[in-house]
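Worksheet for the structure shown next.
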Amino acid sequence: MSLLRVIVLISGNGSNLQALIDAMPEKKSYEIVAVVSNKPDAYGLERAKAHKIPTAVVESQKGEPREAYDQRLQQALEQHPADLYVLAGFMRILSAGFVEHHAGKIINIHPSLLPKHKGLNTHQRALDAGDTHHGVTVHYVTAGCDEGPIIAQMDFPIEAHDTAETLQHKAHTCEHQLYPSVVHQWAMKRAH
Ligand code: GRF
């Protein structure tokens, strides 16, 4: 069985990237063929280099239209033919044209139980809303921000002593299990 070829897109720390890297030897179903960042100082780039994964940085230029950035991003992606694009803390909204071009092949992980709490500050918003549960969602990327069809979720109860920080920690722990598992499932389905 050929490995699913994955490009991971990041902007920062890359702990989800690390989880995907760490799960590769066990899952044996996917390979990360490149890591692309819009930020040159994203720590995730170091994580990729430590595992000899090719990296690319596509930094946005001042005043650059979204479509122009996405065209340059597209050129960088084309250097490494891939089956799946995995957004892991990639802090840019992709243009409708880009998303349509890769329809059904871009996924994102979001730190809330979508459709609740789209956007930022999801942990504090879950507390403010008095939610009893919180969690994380893997979903297809479509033109609407955090609106694509849901692929998988993992949830946990919110406890009385929880703060935005403790929820963030719990959410990350879930993400690090869920994302490699979804990519593995994707690879398995494709193999049949
Ligand atoms: C994660 O919490 C993810 O849900 C959100 O961005 C964060 C990225 O964290 N989209 P990391 O860079 O993978 O540590």
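One-based numbering, in listed order, for ligands and for the atoms of each. Because only heavy atoms are used, hydrogens play no part in the values below, and waters and symmetry mates are left out as well, while side chains stay in.
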Residues in contact with ligand 1, criterion: heavy atom under 4.0 Å: Asn13, Gly14, Ser15, Asn16, Gly89, Ile109, His110, Pro111, His172, Glu175
Side chain to side chain contact (heavy atoms under 4.5 Å, CB included) between Ile7 and Val33, intermediate numbers included: CA-CA 6 Å; Ile7 294 183; Val33 296; 3.7 Å; yes
NE2 (His169) with more than 12 external heavy atoms under 6.0 Å: no
Heavy-atom pair with the smallest gap, counting every atom of Ile107 and Val141: C-CG2, 3.8 Å
Atom NZ of Lys27: over 12 foreign heavy atoms under 6.0 Å: yes
Residues Thr137 and Gln153: side-chain donor-acceptor under 3.5 angstrom: yes
Residues forming a salt bridge (Lys or Arg N to Asp or Glu O under 4.0 Å) with Asp146, sequence neighbours excluded: none
